[in-house]
Undergrad: 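Once you've had a glance at the structure underneath, I'll fire off some questions.
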Amino acid sequence: MLQAGNEYYHLGLHEKDMIMAAAFGGGFQVGDICGALSGAACVISSRYVETKAHDYKDMREITQKLVSAFQERMGSRLCSQIKPVFHTKETKCENTVAISAEVLEQVIQEWDEAQKQRS
């Protein structure tokens with residue numbers, strides 16, 4: 001998710017940055033928050049935060065929009081609940097990642113449009 005976001009949004013992240021997110025897979029390896037959602041949140045952070053999260057006043061709002069949209073689309077934000085529905089032996093988490101990418105793109109498009117209207 002993070003690598004695709006890096007390429008699509010030209011975030012300028014390096015290969016080492018991708019490795020840092022490896023533990024997110026499998027819901028932090030324990031079936032918790034979906035790794036695709038965690039990766040999408042990393043894309044949001046990298047796209048909008050310039051210095052640190054506390055300096056970006058809208059971090060909470062955009063992250064909440066992402067989580068809400070993801071949960072609505074997937075029926076949960078937990079890997080342990082998403083995996084039985086979307087995971088297959090053949091495709092593994094590809095379906096989840098593809099849907100997460102769609103959700104991320106929708107949230108970013110809506111967010112950017114709203115920011116333009118505020119200006």
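Atoms considered below: every heavy atom in the structure, side chains included; atoms not considered: hydrogens, waters and symmetry mates. When a residue number appears, it is its place in the shown sequence, counting from 1.
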Undergrad: Do you know which two heavy atoms are closest between Leu2 and Ala21, and how far apart they sit?
TA: CD2-CB, 3.8 Å
Undergrad: Applying the side chain to side chain contact (heavy atoms under 4.5 Å, CB included) criterion to Thr96, which one of Met74, His87, Met1 satisfies it?
TA: Met74
Undergrad: Verify side-chain contact (heavy atoms from CB on, under 4.5 Å) between Arg47 and Leu104, making sure each step is shown before the conclusion.
TA: CA-CA 12 Å; Arg47 183 168 167 84; Leu104 174 64; over 6 Å; no
Undergrad: On a heavy-atom basis, which atom in Ser76 and which in Ile82 lie closest, and how many Å separate them?
TA: O-CD1, 3.4 Å
Undergrad: When you look at Phe70 and Cys34, which way does the side-chain contact (heavy atoms from CB on, under 4.5 Å) test go after all the steps?
TA: CA-CA 10 Å; Phe70 181 90; Cys34 174; 3.8 Å; yes
Undergrad: Do Met59 and His54 touch side chain to side chain, with heavy atoms closer than 4.5 Å?
TA: no
Undergrad: Using modelled atom types and a 3.5 Å cut-off, is there a donor and acceptor pairing between side-chain atoms of Asp17 and backbone atoms of His14?
TA: yes
Undergrad: Could you pull out the closest heavy-atom pair between Val103 and Ala69, with the gap in Å?
TA: CG1-CB, 3.7 Å
Undergrad: Taking the six-membered ring for Trp, are Tyr48 and Tyr56 parallel (under 30°), tilted (30 to 60°) or perpendicular (over 60°)?
TA: parallel
Undergrad: Just verifying a value: how many Å separate Glu61 CD and Asp58 CG, rounded to the nearest 0.5 Å?
TA: 5.5 Å
Undergrad: Once you round to the nearest 0.5 Å, how far does CZ of Arg77 lie from CD of Glu72?
TA: 13.5 Å
Undergrad: Could you check whether any side-chain N or O of Thr88 sits under 3.5 Å from a backbone N or O of Thr91, counting only pairs where one atom can act as donor and the other as acceptor?
TA: yes
Undergrad: Can you tell me how far the CG atom of Asn6 sits from the SG atom of Cys42, to the nearest 0.5 Å?
TA: 11.5 Å
Undergrad: Work out which heavy atom in Cys79 is nearest to a heavy atom in Gly26; give both atom names and the distance.
TA: SG-C, 3.7 Å
Undergrad: One pair to check against side-chain contact (heavy atoms from CB on, under 4.5 Å): Glu110 and Lys65. What are the steps and the verdict?
TA: CA-CA 10 Å; Glu110 289 173 3; Lys65 286 182 182 300; over 6 Å; no
Undergrad: Rounded to the nearest 0.5 Å, what separates atom CG in Leu11 from atom OG in Ser46?
TA: 4.0 Å
Undergrad: State, to 0.1 Å, how close Arg73 and Glu102 come at their nearest heavy-atom pair, and which atoms those are.
TA: NH2-OE1, 2.7 Å
Undergrad: Tell me, do Tyr9 and Ile108 make a side-chain contact under 4.5 Å, heavy atoms counted?
TA: yes
Undergrad: What's the separation between atom CG in Leu78 and atom CG in Leu37, rounded to the nearest 0.5 Å?
TA: 9.5 Å
Undergrad: When you group the ILVMFWY residues by side-chain heavy-atom contacts below 4.5 Å and let the links chain together, are Met20 and Val97 in the same group?
TA: no
Undergrad: Might you work through the side-chain contact (heavy atoms from CB on, under 4.5 Å) test for Ser38 and Phe28, ending with a clear yes or no?
TA: CA-CA 9 Å; Ser38 297; Phe28 287 90; 3.7 Å; yes
Undergrad: Just how far is it from atom CD of Glu105 to atom OG of Ser100, taken to the nearest 0.5 Å?
TA: 12.0 Å
